A.B. asks: 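My questions all concern the structure below.
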Amino acid sequence: MKEAPLSSCEKNFVIQAIKQNQRLDGRNNDEFRSLKINYGSDWGSVIVALGETKVLAQVSSELGEPKATRPNEGILHINVELGPMAASHFEAGRNCELTVQLNRTLERTFKDSRAIDLESLCVISEERVWMLRVDLNVLNHEGNLIDCCSVATLCALAHFRRPDVSVIEDEIQIHTSAEKEPLKMVMHHYPVCVSYVIFDDGRIAVADPTVAEERTSDTEMIFGINSFGELCCLNLGGSSLTSPTLLLQCSKKAAKHAKSVVDLVKKSLENDSEAREAGKKVGFTGCLHHNTLTSLGEDRLVLKLRNFTFNDVTEDDEPNKKIVQGKLYSNPQYKPDTKWIPEAPSDASDNSVTMESDTGGSENLEGTEKEFLECSDIQTNFPISKQRHAMKQITNSDSEEEEKIIL
């Protein structure tokens, strides 16, 4: 199944918003989405959420033969799975161009940079070594998969514990966790990927892109950077050439962001270790119990507009309207701290709207007083059905002068 193409209107809308330093989800061009990390009950199991993009990672290990070229080193293999759960146009069990790019970028970031001490995985030289496998399953694709997969890989490897072994007369005995404490992974540094997309022929760089921004952009830049600011991987792709000045600026911002991400990963590992030592509930079941692992908000609108005002209502011939701090009020007595909360009317003839202020008071409005809009910020916390109902209440007013507002 092929992915539905973007129309010219959608592409132009995204490009014009980015040129004004505004994005569809309300972020600035250099702003990143929030990162959430939840560990499972098994070692090396983690779910990482970057905004609405979610990835499940699991590390497994087994004994095997080493490579002939490196007989004293273990083997690390990273595999990314994209299925219909991530997006409808992905097919299960079939590798696409995006899957190959993700696997190669992650291998260069973690394997080629020698982030893991593979020599510590050797049991018997030239005979038996530990073979690690990191399986990444994309649960939801909302853009910037490489950043989310890199953080999930790092968390899974740092959280994983391999069983201890003993060699007795050329025989290998694997101990359980009850017999001997599992061993941590030896990691030299903590690398993560930071992505940017380029617009306007290499003049504008956008951090942490969404799906629409990735498909509209000219160039993509992926930095593999560790917490020390060392560059582990650099991937440039696209048709537009990037200026050296913009490349250096993005690399400095990426290094700063990578350090903050690594600090967050280390803090999450410490919290998980303390919870296990204290005997608390850990794993995905505990996350659901504490309401830290939630499902996607399908009833929310993705579009968020900032600094949105109407300029055609500031005339002097409408004395019953007042604008305070860029907000339009139909009654001059309203204060800027009031919040508009639409509710369904009791019957068809009742067209009142209930408002609640920050002090907890409420009052019912009738007539032209119910035409209350906050035009500086369009909040999208209400479901679509309630928003449509609120718009019907405003447009069905009994006042003589009706205003039709189209968003």
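This chain uses plain numbering: 1 for the first residue, then up along the sequence. This one's a predicted model, so the numbers in the text were calculated from it and none came from an experiment.
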A.B. asks: For residues S268 and I37, report the shortest heavy-atom separation together with the two atoms involved.
C.D. replies: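 It is OG-CD1, 3.9 Å.
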
A.B. asks: Does E277 use its side chain to pair, donor to acceptor, with the backbone of E274 at less than 3.5 Å?
C.D. replies: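 No, E277 side chain to E274 backbone: no donor-acceptor pair under 3.5 Å.
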
A.B. asks: Looking only at atom types and distance, does a side-chain atom of S45 sit under 3.5 Å from a main-chain N or O of D42, one as donor and one as acceptor?
C.D. replies: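 No; judged by distance alone, with no hydrogens or angles, the pair does not exist.
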
A.B. asks: In sequence, state the C-alpha distance, the side-chain angles, and the governing distance for I198 and I204, and then conclude on side chain to side chain contact (heavy atoms under 4.5 Å, CB included).
C.D. replies: CA-CA 6 Å; I198 307 301; I204 302 176; over 6 Å; no

A.B. asks: If the condition is ring pair (Phe, Tyr, Trp, His ring centres under 6.0 Å), which residues does F199 pass it with, not counting sequence neighbours?
C.D. replies: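 If we apply the ring pair (Phe, Tyr, Trp, His ring centres under 6.0 Å) test to F199, skipping adjacent residues, there are no hits.
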
A.B. asks: Fit a plane to each ring of H257 and F32, take the angle between them on a 0 to 90° scale, and name the class: parallel (under 30°), tilted (30 to 60°) or perpendicular (over 60°).
C.D. replies: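 Aromatic pair H257/F32 classed parallel.
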
A.B. asks: Just by modelled atom types, is the E142 backbone N or O under 3.5 Å from a matching donor or acceptor in the T53 side chain?
C.D. replies: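 Indeed, once roles are kept as given, a pair shorter than 3.5 Å links the two residues.
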
A.B. asks: Pick out which of R161, K184, R162, M185 makes a side chain to side chain contact (heavy atoms under 4.5 Å, CB included) with W43.
C.D. replies: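 So, applying the side chain to side chain contact (heavy atoms under 4.5 Å, CB included) to W43 and each of R161, K184, R162, M185, only R161 qualifies.
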
A.B. asks: Has M187 got more than 12 heavy atoms of other residues, nucleotides or ligands less than 6.0 Å from its CE?
C.D. replies: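 Correct, the count exceeds 12.
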
A.B. asks: Can you give me the closest heavy-atom contact between G143 and V211, atom names plus distance?
C.D. replies: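 Result for this residue pair: N-CG2, 3.2 Å.
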
A.B. asks: Looking at N28, is its backbone amide N or carbonyl O close enough to the side chain of E31 to form a donor-acceptor pair, meaning the two atoms are under 3.5 Å apart?
C.D. replies: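 Yes; at least one donor-acceptor contact below 3.5 Å.
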
A.B. asks: R70 side chain to K67 main-chain N or O, any donor-acceptor pair under 3.5 Å?
C.D. replies: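 Not confirmed, R70 side chain does not pair with K67 backbone.
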
A.B. asks: Please determine which of L145, N144, V206 meets the side chain to side chain contact (heavy atoms under 4.5 Å, CB included) test together with E214.
C.D. replies: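 In the set L145, N144, V206, the residue that makes a side chain to side chain contact (heavy atoms under 4.5 Å, CB included) with E214 is N144.
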
A.B. asks: Taking all non-hydrogen atoms of both residues into account, name the closest pair between A152 and V48 and its distance.
C.D. replies: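 Scanning both residues, the minimum pair turns out to be CA-CG2, 3.6 Å.
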
A.B. asks: Between the side chain of T216 and the main-chain N/O of E213, is any donor-acceptor distance below 3.5 Å?
C.D. replies: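 Side chain of T216 to backbone of E213: no pair is present.
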
A.B. asks: Taking R27 for the side chain and D208 for the main chain, is one N or O donor matched with an acceptor at less than 3.5 Å?
C.D. replies: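 Judged by distance alone, yes, a pair lies under 3.5 Å.
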
A.B. asks: Please confirm whether the backbone N or O of C122 pairs with a side-chain atom of N72, one donor and one acceptor, at under 3.5 Å?
C.D. replies: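 The answer is no, because no donor-acceptor pair under 3.5 Å joins these two groups.
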
A.B. asks: Show, in sequence, the C-alpha distance, side-chain angles and deciding distance for D263 and K259, and conclude whether the salt bridge (Lys or Arg N to Asp or Glu O under 4.0 Å) test is met.
C.D. replies: CA-CA 6 Å; D263 293 340; K259 187 178 184 304; 3.5 Å; yes

A.B. asks: I need the minimum non-hydrogen distance between I222 and S195, along with the two atoms involved.
C.D. replies: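 In this case the closest contact between I222 and S195 is CG1-OG, 3.8 Å.
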
A.B. asks: I'd like to know if the side chain of N29 reaches the main chain of I18, judged simply by a donor and an acceptor atom lying under 3.5 Å from each other, with no hydrogens or angles considered.
C.D. replies: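 Pair found, side chain donor or acceptor close to backbone of I18.
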
A.B. asks: With sequence neighbours left out, write down each residue that passes side chain to side chain contact (heavy atoms under 4.5 Å, CB included) with L269, or none if nothing qualifies.
C.D. replies: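 For L269, the residues satisfying side chain to side chain contact (heavy atoms under 4.5 Å, CB included) (neighbours in sequence not counted) are Y39, A158, H159, V265.
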
A.B. asks: Taking everything shown except K252 itself, do over 12 heavy atoms lie less than 6.0 Å from its NZ?
C.D. replies: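 Open: at most 12 neighbouring heavy atoms sit under 6.0 Å from NZ of K252.
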
A.B. asks: Just wondering, more than 12 heavy atoms not from R276 lying within 6.0 Å of its CZ?
C.D. replies: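 It does: R276 CZ has more than 12 such atoms within range.
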
A.B. asks: Identify which one of K111, M131, R133 satisfies the side chain to side chain contact (heavy atoms under 4.5 Å, CB included) criterion when paired with L76.
C.D. replies: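 Passing option: K111.
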
A.B. asks: Restricting to side chain to side chain contact (heavy atoms under 4.5 Å, CB included), what partner residues turn up for C232, sequence neighbours left out?
C.D. replies: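 S113, H189, P191, N226.
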
A.B. asks: Which heavy-atom pair separates C193 from S150 by the least distance, and what is that distance?
C.D. replies: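 Where C193 meets S150 most closely, the heavy atoms are N-OG, 3.2 Å.
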
A.B. asks: Is any side-chain heavy atom of L98 less than 4.5 Å from a side-chain heavy atom of F90?
C.D. replies: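 Yes. Closest side-chain heavy atoms under 4.5 Å.
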
A.B. asks: So does L56 get a backbone contact from the side chain of N137, meaning a donor-acceptor N/O pair under 3.5 Å?
C.D. replies: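 A pair under 3.5 Å: no.
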
A.B. asks: Does the salt bridge (Lys or Arg N to Asp or Glu O under 4.0 Å) test come out yes or no for E73 and R114, once each step is laid out?
C.D. replies: CA-CA 11 Å; E73 294 183 358; R114 314 291 293 179; 2.9 Å; yes

A.B. asks: Report the distance from atom CD1 of I174 to atom OG of S166, rounding to the nearest 0.5 Å.
C.D. replies: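 Reported value, rounded in 0.5 Å steps: 10.5 Å.
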
